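Input: a single structure, listed below in structure tokens.
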2 protein chains.
Amino acid sequence: MNMTLTPVRRAESLRESLEGDIATGLYPAGTRLDEVKLASRFGVSRTPIREALIELAASGLVEIRPRRGAFVREISIPRLVEMFEVMAEYEAMCGRLAARRITPEELVALQTAHEACQNAETAGDPDGYFHANQTFHEAIYLASHNGFLAEQASGLSNRLKAYRRLQLRVRNRVASSLAEHQAIVDAIASGDSEAAATALRQHVLIQGERFNDFVSQVSRHQGAGGSSG
Amino acid sequence: MNMTLTPVRRAESLRESLEGDIATGLYPAGTRLDEVKLASRFGVSRTPIREALIELAASGLVEIRPRRGAFVREISIPRLVEMFEVMAEYEAMCGRLAARRITPEELVALQTAHEACQNAETAGDPDGYFHANQTFHEAIYLASHNGFLAEQASGLSNRLKAYRRLQLRVRNRVASSLAEHQAIVDAIASGDSEAAATALRQHVLIQGERFNDFVSQVSRHQGAGGSSG
DNA sequence: ATGAAAAATCTTGTATACAAAAAAGATTGA
DNA sequence: TCAATCTTTTTTGTATACAAGATTTTTCAT
């Protein structure tokens with residue numbers, strides 16, 4: 001039942017499919033994405049595939065090496081740390097602005113999302129939690145009332161999705177994550193922009209040993225080699 | 001004398017050309033970019049043109065409306081304010097990290113860039129100042145030792161380039177800009193990360209009446225209509 | 001058996017061809 | 001004269017064709 005209102009280039013939906021396939025690990029980092037194979041897999045010609053790959057390259061998910069093809073980008077651990085460092089700052093900035101600018105309706109949406117997270121946790125539903133968590137953070141992006149910032153934050157969050165999933169596997173992460181959410185909601189609701197910024201920054205950074213746990217998870221997932229810069 | 005070391009897809013150099021043509025105003029905001037015309041202008045087929053347009057769309061410079069073509073994106077004033085708000089935060093973050101992580105060599109590079117700015121100002125060379133200023137900020141991005149952040153900052157700075165040029169036309173802007181640079185260098189050199197962050201944030205934000213001057217410049221430049229969201 | 005050089009194959013990058021959607025223009029009825 | 005509909009033209013989106021650069025395989029000399 002496809003009721004698309006705006007027409008979409010085929011290449012664009014292909015991009016989404018490929019994005020998903022990369023995120024789920026169907027095409028792990030380093031994989032060469034053969035245009036002809038992808039074309040036959042999706043039942044289209046090479047043209048829309050190429051266009052999708054170019055979009056993916058622009059968003060940083062794949063790397064196009066001229067005359068040699070598109071490869072799923074290897075993200076080294078240091079690079080990942082850098083990306084999380086920036087993500088933390090996006091979140092902090094969204095929180096700082098949201099504390100000052102959030103509307104009553106947006107605050108309700110944020111609280112609802114927070115409750116959904118709590119429900120998923122009591123229900124012991126990790127996938128549900130993951131999804132609700134995403135909604136929670138999106139609510140903050142929107143409440144920043146800076147559309148450009150919201151786009152950047154969503155974009156990077158999306159690129160880090162696969163790794164955030166791993167992050168939640170760290171022991172007790174979900175429980176402490178919920179406590180942090182509560183502090184964030186409180187800070188935003190009371191209009192304390194600096195508290196909101198700090199809480200969100202820390203929430204993303206996962207400082208101390210937690211972070212090491214996380215890194216070791218990623219290492220195991222990627223295989224030993226720290227590899228490319 | 002083209003001594004390109006890495007091969008480049010034709011589409012990629014086309015993207016750079018078009019980027020320049022948009023920045024210089026050859027194709028002003030709202031212009032429809034006709035694939036066939038561009039193809040004949042550059043003496044290539046539509047294929048590489050399309051690929052270049054897709055890249056430009058990904059970077060946000062143009063908008064592709066399915067089945068109706070590519071248009072140079074209109075950036076509304078509110079949107080521009082949002083982008084500067086994010087730019088300010090990128091700079092602040094780079095400064096905060098640079099104050100902690102800068103190497104002696106990088107500090108020398110930063111001071112050299114600062115002097116180049118001063119020389120351009122005494123020489124009364126606005127273009128020279130513009131360029132030296134860019135070098136100065138790039139030096140800070142690099143000194144952050146966060147390659148991902150540096151890429152984001154460079155990218156956005158590049159997208160805002162045309163508007164920053166306008167910004168400098170505001171009366172006395174260059175002089176006060178230089179004073180701010182000095183404060184930034186001092187903060188970074190002394191390792192005061194919060195001072196560096198604050199100085200850089202303010203440097204970009206151009207608060208108070210300065211900002212209104214700037215906005216009115218932009219309005220005049222774009223024509224009256226505040227237009228699209 | 002090993003390594004270098006040459007040939008064959010594969011793959012990308014670009015050009016061209018064609019179908020379908022939009023836009024522009026012509027035609028008809030009021 | 002104006003509006004609505006039909007027709008023509010333009011333009012995008014996708015498929016296919018082809019050339020040149022990679023890659024792999026084969027061949028040959030040591």
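Throughout, a chain's letter reflects where its sequence line sits, starting with A, and its residues are numbered from 1. Remember, it's a predicted structure, so these values are computed and weren't measured experimentally.
Taking only side-chain nitrogens and oxygens, Arg68(B) never comes nearer than 4.0 Å to OP1 or OP2 of dT11(D). One finds no side-chain N or O of Arg50(A) lying less than 4.0 angstrom from the OP1 or OP2 phosphate oxygen of dT12(C). Of the side-chain N and O atoms in Ser45(A), one or more sit less than 4.0 angstrom from OP1 or OP2 of dA15(D).
Under the 30°/60° scheme for interplanar angles, the aromatic rings of Phe136(A) and His181(A) are found to lie parallel.
Atom-to-atom, CZ of Arg67(A) to C1' of dT23(D) comes out at 13 Å; the value is rounded to the nearest Å. Rounded to a whole Å, the CG atom of Leu14(A) is 12 Å from the C1' atom of dG13(D). Taking atom CD1 of residue Ile64(B) and atom C1' of nucleotide dG13(D), one finds them 11 Å apart after rounding to whole Å. Across the protein-nucleic acid pair, Ile54(B) atom CD1 and dT12(D) atom C1' stand 12 Å apart, rounded to whole Å. Put simply, CG on Asp34(A) is 14 Å from C1' on dG13(C), counting in whole angstrom units. Rounding to whole angstrom units, CG of residue Leu33(B) and P of dG13(D) are separated by 13 Å. Taking atom CD1 of Ile49(B) as the reference point, atom P of dT12(D) lies 11 Å away to the nearest angstrom. Across the protein-nucleic acid pair, Leu38(B) atom CG and dA15(C) atom P stand 14 Å apart, rounded to whole Å.
Of the candidate nucleotides dA21(C), dT11(D), dT12(C), dT12(C) has the atom nearest to the side chain of Val36(A). Of the listed nucleotides (dT16(D), dT12(C), dT12(D)), dT12(D) has the atom at the smallest distance from the side chain of Glu35(B). For Arg46(B), taking side-chain heavy atoms from C-beta onward, the closest of the listed nucleotides dG13(C), dT11(C), dA17(C) is dA17(C). Comparing atom distances between the Arg32(B) side chain and each of dT11(D), dG13(C), dT16(D) picks out dT11(D) as nearest. Closest to the side chain of Pro66(A), out of dG13(C), dT12(D), dA15(C), is dG13(C).
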Tyr90(A) and Ser157(A): side chain to side chain contact (heavy atoms under 4.5 Å, CB included), yes or no, with the steps? CA-CA 10 Å; Tyr90(A) 280 148; Ser157(A) 164; over 6 Å; no
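No side-chain donor-acceptor contact under 3.5 Å links Ser144(A) to the backbone of Ile140(A). Between the side chain of Glu82(B) and the main chain of Gly147(A), a donor-acceptor pair closer than 3.5 Å is present.
A cation-pi arrangement, defined by a distance under 6.0 Å to the six-membered ring centre and an angle within 45 degrees of its axis, is absent between Arg79(B) and Phe148(A).
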